[in-house]
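Sequence lines set the chain letters: A, B, ... in the order given, protein chains first and strands last, and positions in each chain run from 1.
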Number of protein chains: 2
Amino acid sequence: MELEELNHAIVEFYEKLSSWEHDVVREKGLTLPQIHALEILGIHESMRMKELANWMGTTTGTLTVLIDRLEKKDYVRRCPHKTDRRSIIIELTDTGRQMFLEHDKLHMQLTETMVSDLTQEERECLHRCLNTMNKAF
Amino acid sequence: MELEELNHAIVEFYEKLSSWEHDVVREKGLTLPQIHALEILGIHESMRMKELANWMGTTTGTLTVLIDRLEKKDYVRRCPHKTDRRSIIIELTDTGRQMFLEHDKLHMQLTETMVSDLTQEERECLHRCLNTMNKAF
DNA sequence: ATTTTTTATTTGACACTCAAGTTTCATGGG
DNA sequence: CCCATGAAACTTGAGTGTCAAATAAAAAAT
């Protein structure tokens, strides 16, 4: 029974994060998959189409047109691969990196807000719990 | 600095939940918004189009065609409203309720898995933290 | 009784998703 | 070296979600 309540709290947390992300992204004139691509590129640096598709859990077919649109908005750049002429490296442009940093900052601010009513001890416990749970996937 | 790590753990948690949800739903031949509608109807019982749209954070225009498709798959049923002839009540069918219960069960199982390496004390702390954070939105 | 608001639907433009097919290139076996 | 196989990216078509704007019907307000 206790587990059910915990499950409920997790689901609610997930729903609220999803909704927040949706709203924040739309204000920037981007879609969820688009900002997701910028996040991955921002965190892991430049990578090939195939790699990015794997990180995003989608196909290169889907990604091609998504990158077309991000390129048109000048958030991202296609560069030739050094050694493999089949591959293409996707890089953030300066405006793309700035968009990533802004979004990252919003995430940080949200975390601060969410955590503001927790004690230091609770924060540490939460951190431990999340790390353990993230490994369990 | 500590807050940044906590933020990172939250984002990672969110990403993994999103990815899990995506995969699970696709196996059932449904889309994310479709299962979301079934979840809301399963938890809060029947409701009008407008109410459901509000719960889902979308417009009734979007919802109309989504409900069309769920109705075609016999997960959901349109019923006339008792007193307001403008309104339409959306109900889960038996197969729709079963789909909801199955999905709910999977969520529960995921929670069990995630939580399996936490002590009882940690689980209680996590529960407290999530409740506090959910209120802070 | 007339006007305004609410509710649902329809439609058009755009985006994401996948699968299937195409092109270009890399790699390994003959 | 040549060819077969596989890999990487692109293209296309069908289906779905998203929003805004327009429409129709009914309730609420004046």
*Nearest to the side chain of D68(A) - dC19(D), dG17(D), dT11(D)?*
dT11(D)
*Expressed in angstrom and rounded to an integer, what is the separation of I88(B) atom CD1 from dA27(D) atom P?*
13 Å
_T31(A) side chain, from C-beta outward: closest of dC16(C), dG17(D), dC10(D)_ = dC16(C)
*Hey, is the main chain of N134(B) close enough, under 3.5 Å, to the side chain of K16(A) for a donor-acceptor pair?*
yes
*Do NZ/NE/NH1/NH2 and the carboxylate oxygens of R78(B) and D68(B) come within less than 4.0 Å?*
yes
_Expressed as a whole number of angstroms, how long is the span from R48(B):CZ to dT9(C):P?_
12 Å
*Euclidean distance, atom CE of residue M47(B) to atom P of dA8(C) [Å, nearest integer]*: 12 Å
*Residue met sooner reading DNA chain D from 5', once K50(A) and R26(A) are mapped to nucleotides*: K50(A)
_Sidechain N-carboxylate O distance under 4.0 Å for E122(A), R128(A)_ = no
*Does S87(B) make a side-chain N or O approach to OP1 or OP2 of dA26(D) shorter than 4.0 Å?*
no
*Give a yes or no on this: more than 12 heavy atoms of other residues, nucleotides or ligands lie within 6.0 Å of atom CD of E2(A).*
no
*Can a salt bridge be assigned to the pair E45(B) and R97(B) using a cut-off of 4.0 Å between side-chain N and carboxylate O?*
yes
*Checking only heavy atoms, does the side chain of R86(B) share a donor-acceptor pair with the base of dT6(C) at less than 3.5 Å?*
yes
_Along DNA chain D (nearest heavy atom to each residue), the more 5'-positioned of E51(A) and H22(A)_ = E51(A)
*So does R78(A) get a side-chain nitrogen or oxygen closer than 4.0 Å to the phosphate oxygens (OP1/OP2) of dC10(D)?*
yes
*Give the rounded distance in Å between these two atoms: CG of L63(A) and C1' of dA9(D).*
10 Å
*Can you find a side chain N or O atom of T58(B) that sits less than 4.0 Å from OP1 or OP2 on dC19(D)?*
yes
*asked:* Could you tell me how far apart D23(B) (CG) and dC18(C) (C1') are, to the nearest whole angstrom?
replied: 14 Å
*Specify the separation, in whole Å, of atom CD of Q34(A) and atom C1' of dC14(C).*
11 Å
*Does R69(B) place a side-chain N or O at less than 4.0 Å from the phosphate oxygens OP1/OP2 of dG17(D)?*
yes
*Quick one: is T62(B) getting a side-chain N or O under 4.0 Å of the dT18(D) phosphate, OP1 or OP2?*
no
*Grab the CG-P distance between D84(B) and dA28(D) for me, whole Å please.*
6 Å
_Tell me whether the side-chain N/O atoms of R85(A) come closer than 4.0 Å to OP1 or OP2 in dA26(C)._
yes
*Roughly how many Å is it from CG in L66(A) to P in dC10(D), rounded to a whole number?*
12 Å
*Does T60(B) make a side-chain N or O approach to OP1 or OP2 of dA8(C) shorter than 4.0 Å?*
no
*Which nucleotide in the set dA9(D), dG17(D), dC18(C) lies at the smallest distance from any side-chain heavy atom of T59(A)?*
dC18(C)
_Sole candidate of M49(A), K50(A), M56(A), R48(A) that passes side chain to side chain contact (heavy atoms under 4.5 Å, CB included) when paired with L52(A)_ = M56(A)
